[in-house]
Amino acid sequence: MKKSFFAEYAAIVSAFLCLFTGCFRSESIESINENELFKVPYGNFEEQLGIKDLNGIGGVRYGIFMRDGFFYISNGDAKKVMELNSYGDLLTLYYNEDSEISSLLKNSKRDAKSLHYEISYPFDYEGHIAVDSQKNVYVACAMPRDRQEQSDDGTMLYSQTVLRIARNGSSVEYLGQQGPGGIPFPYIKNIYLTDKDELVVVSNSSDGVVVFWFATDGFLKYKIPVPEKSIPKAAGAEDAPEYFITIDNVIPDLSSYFLYVKTDYYSNYIDEESKVQSGINYVQTLLYPLDIEQSKFGEPVSIPPYEESVVADYSRLTYKIPYDFLGVTKSGWKFFIIKNEDGFTIQMVQSENQKILRRHFTADHNSILYDALTLSPNGIITALYLEKDNARVVWYRTDSLIESILKN
């Protein structure tokens with residue numbers, strides 16, 4: 001009974017989504033070439049990437065951001081942020097006063113004061129980084145333990161902040177939930193900047209996600225909690241007790257006060273013989289637009305999953321896996337990504353024109369020890385690949401593909 005419900009449910013949802021969002025036109029998967037821009041050597045000096053242990057990198061401590069052909073790398077282990085040009089030349093270095101690079105520079109005879117900016121805040125960089133149109137740098141940081149706080153009910157730890165560093169290093173301030181000097185954020189999933197240079201911080205909450213949207217002066221403009229229980233149930237599933245939802249990611253629109261909430265829908269898998277739950281089934285992914293000024297969800301768009309077939313014992317099994325939500329371009333394309341055996345598959349969705357494009361990027365995961373990817377407003381995907389001997393910065397020019405579609 002439960003198994004047949006979800007078969008019927010999938011058909012109902014498919015018809016429902018075609019009715020409200022249209023049936024997408026899809027293209028076959030083609031490859032986009034990797035363009036290597038430059039390499040960054042490992043080491044403790046200013047132009048090098050400081051790494052403690054390549055065999056145990058652990059959490060996200062490295063991030064990359066590209067704006068107008070300039071590249072910004074957040075180096076958590078070395079407590080520094082590097083700005084480089086497309087040739088890999090170091091243009092600006094921001095670093096903590098308690099970092100190893102600080103003592104090295106003080107003992108160095110090299111005169112590079114215009115290049116180096118020391119930061120007095122004793123924060124650890126977590127990897128997330130963004131840069132506004134004035135080249136002010138925003139980087140997510142972990143606060144020292146003695147400055148962390150707990151929520152009133154004790155369920156949340158407020159332990160992270162966002163450093164805003166002026167382009168010329170003339171001022172540095174930390175932003176919390178209310179703005180400059182505010183209460184720290186709960187764990188930060190990512191940070192974004194709109195085309196108005198408004199900062200958007202997406203954090204985890206005890207029941208979903210909470211989004212902090214700041215004005216250009218750095219003070220809070222909107223606080224938008226997005227609990228999982230607020231997500232609408234898809235048609236036909238209201239009476240299914242084993243049906244549940246997870247919020248994978250929330251990303252802001254670049255030009256309007258909308259959030260895009262990616263939700264993955266699952267059902268419990270019941271073994272037919274034992275009648276015992278033995279796992280979960282992925283059902284579907286919906287992308288909901290959330291008008292934050294009206295506090296209202298719009299009609300969802302169905303995001304097709306990644307499908308991979310495995311042949312075993314003369315039979316073929318097809319697995320459906322949800323993509324990760326990478327970002328949104330200024331022209332409204334939503335980018336989704338998944339890592340597969342020989343690289344990445346990118347799915348680009350344009351809901352207004354009912355188009356889906358899929359492209360494949362080749363990458364050798366055996367040689368890449370860590371990767372960080374970012375999407376520019378124009379649709380360029382930039383990647384930082386940490387490998388055994390050095391780090392590489394590459395990009396994938398999906399922007400030319402988008403431009404050709406817009407012209408047509």
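For the numbers below, each heavy atom of this structure counts, side chains included, while hydrogens, waters and symmetry mates do not.
- A donor-acceptor pair is defined here as one N or O able to donate and one able to accept, closer than 3.5 Å; no such pair exists between the side chain of Arg359 and the backbone of Ile32.
- Nearest heavy-atom pair across Ile292 and Tyr222 is CD1-CD1, 3.7 Å.
- Taking OH from Tyr95 and CG from Leu104, the interatomic distance works out to 10.5 Å, rounded to the nearest 0.5 Å.
- Side chain of Tyr370 to backbone of Tyr62: a donor-acceptor contact under 3.5 angstrom is found.
- Under a 3.5 Å cut-off, the side chain of Glu149 and the backbone N or O of Pro184 do not form any donor-acceptor pair.
- Between the side chain of Tyr42 and the backbone N or O of Asn390 there is at least one donor-acceptor pair closer than 3.5 Å.
- Taking 4.5 Å as the limit, some side-chain heavy atom of Val201 sits within range of a side-chain heavy atom of Phe214.
- With a 4.5 Å cut-off on side-chain heavy atoms, Arg61 and Asp124 count as touching.
- With sequence neighbours excluded, the residues satisfying side chain to side chain contact (heavy atoms under 4.5 Å, CB included) with Gln177 are Tyr158, Ile183, Phe185, Pro186, Phe212, Lys223.
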| request: Output, in order, the C-alpha distance, side-chain angles, deciding distance and verdict of side-chain contact (heavy atoms from CB on, under 4.5 Å) for Tyr385 and Glu36. | output: CA-CA 10 Å; Tyr385 292 148; Glu36 182 178 303; over 6 Å; no
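- Pairing each heavy atom of Gly343 with each of His365, the nearest pair is O-NE2, 2.9 Å.
- Within the 4.5 Å cutoff, the side chain of Ser376 has no heavy atoms near those of the Asp399 side chain.
- For the pair Thr263 (side chain) and Leu286 (backbone), a donor-acceptor distance under 3.5 Å is present.
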Exercise. Show your working on side-chain contact (heavy atoms from CB on, under 4.5 Å) between Tyr125 and Asn75 and close with a plain yes or no.
Key: CA-CA 7 Å; Tyr125 301 151; Asn75 185 180; over 6 Å; no
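- Considering every non-hydrogen atom in both Lys330 and Asn378, the closest pair reads CE-OD1, 2.8 Å.
- By the 4.5 Å heavy-atom criterion applied to side chains, Arg358 and Ile346 are not counted as neighbours.
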- Message: Test ring pair (Phe, Tyr, Trp, His ring centres under 6.0 Å) on Phe325 and Tyr260; report intermediate values, then the result.
- Response: CA-CA 10 Å; Phe325 191 14; Tyr260 297 102; 7.1 Å; no
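- Annotation for Asp89: atom CG counts as buried by contact number, over 12 foreign heavy atoms lying within 6.0 Å.
- Residues Thr285 and Pro322 approach most closely at OG1-CB, 3.6 Å, considering heavy atoms.
- If you check the side chains of Ser102 and Glu118, you find a donor sitting under 3.5 Å from an acceptor.
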Could you go step by step and tell me if His360 and Asn340 meet the side-chain contact (heavy atoms from CB on, under 4.5 Å) rule? CA-CA 10 Å; His360 181 263; Asn340 45 35; 3.6 Å; yes
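- The list of salt bridge (Lys or Arg N to Asp or Glu O under 4.0 Å) pairs with a residue in residues 194-221, not counting sequence neighbours, reads Glu198-Lys221.
- Of the inter-residue distances, the one linking Ile338 atom CD1 with Asp324 atom CG reads 7.0 Å to the nearest 0.5 angstrom.
- Residue pairs that meet the salt bridge (Lys or Arg N to Asp or Glu O under 4.0 Å) test with at least one member in residues 178-190, sequence neighbours left out, do not exist here.
- The ring pair (Phe, Tyr, Trp, His ring centres under 6.0 Å) check on Phe123 picks up Tyr121, Tyr174, with sequence neighbours excluded.
- Legend: residues meeting side chain to side chain contact (heavy atoms under 4.5 Å, CB included) with Pro232, ordered by chain and number and at least two apart, are Tyr288, Phe297.
- Annotation: side-chain hydrogen bond (donor to acceptor under 3.5 Å, both in side chains) contacts of Asp98 (sequence neighbours excluded): Lys79.
- The stretch residues 333-342 participates, sequence neighbours left out, in these salt bridge (Lys or Arg N to Asp or Glu O under 4.0 Å) pairs: Lys334-Glu352, Lys339-Asp371.
- What you find for Ile247 and Val226 is that their closest heavy atoms are CD1-O, 3.2 Å.
- Remark: Met348 CE to Ile356 CD1 distance equals 10.5 Å, nearest 0.5 Å.
- Atoms CG and CZ, on Leu373 and Phe361 in that order, are 8.5 Å from each other to the nearest 0.5 Å.
- Residues passing the side chain to side chain contact (heavy atoms under 4.5 Å, CB included) test with Pro305, sequence neighbours excluded: Tyr282, Lys320.
- Taking the six-membered ring for Trp, Phe344 and Tyr396 have ring centres at least 6.0 Å apart.
- Between Val328 and Tyr192 the shortest side-chain heavy-atom distance does not fall below 4.5 Å.
- With sequence neighbours left out, Leu193 forms a side chain to side chain contact (heavy atoms under 4.5 Å, CB included) with Ala130, Asp132, Tyr138, Leu199.
- Residues Ile101 and Leu93 form a side-chain contact, since some pair of their non-hydrogen atoms from C-beta on lies under 4.5 Å apart.
- Partners of Tyr94 by ring pair (Phe, Tyr, Trp, His ring centres under 6.0 Å), not counting sequence neighbours, listed by chain and number: Tyr117.
- Looking at Arg67 and Ser133, their side chains come closer than 4.5 Å, going by heavy atoms from C-beta outward.
- Among residues at least two apart or in separate chains, salt bridge (Lys or Arg N to Asp or Glu O under 4.0 Å) pairs with a member in residues 246-265 are Asp248-Lys262, Lys262-Asp264.
- Atom CG of residue Leu84 and atom CG of residue Leu91 lie 6.5 Å apart, to the nearest 0.5 angstrom.
- Here the shortest heavy-atom pairing between Arg397 and Asn35 reads CG-ND2, 3.8 Å.
- Put simply, the side chain of Val131 does not reach to within 4.5 Å of the side chain of Phe70, judged on heavy atoms.
- Distance alone, capped at 3.5 Å, places no donor-acceptor pair between the Gln347 side chain and the Ile303 backbone.
- For the atom pair CG (Asn366) and CD (Glu387), the distance works out to 11.0 Å, reported to the nearest 0.5 Å.
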Check: Hey, mind stepping through Leu357 and Thr398 against side-chain contact (heavy atoms from CB on, under 4.5 Å) and telling me if it holds?
Finding: CA-CA 10 Å; Leu357 300 174; Thr398 54; over 6 Å; no
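- The aromatic rings of Phe244 and Tyr266 sit parallel to each other, their planes meeting at less than 30°, with 60° as the upper class boundary.
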Donor-acceptor pairs are to be reported for all side-chain atoms of residues 160-169 against protein atoms at under 3.5 Å, with residues two or more places apart or in another chain.
| unit_1 | atom_1 | unit_2 | atom_2 | d |
| --- | --- | --- | --- | --- |
| Gln160 | OE1 | Ile188 | N | 2.8 |
| Thr161 | OG1 | Leu175 | O | 2.7 |
| Arg164 | NE | Glu173 | OE2 | 3.0 |
| Arg164 | NH2 | Glu173 | OE2 | 2.1 |
| Arg167 | NH1 | Thr92 | OG1 | 3.4 |
| Arg167 | NH2 | Glu83 | OE1 | 3.4 |
| Asn168 | OD1 | Ser170 | N | 3.0 |
| Asn168 | OD1 | Ser170 | OG | 2.7 |

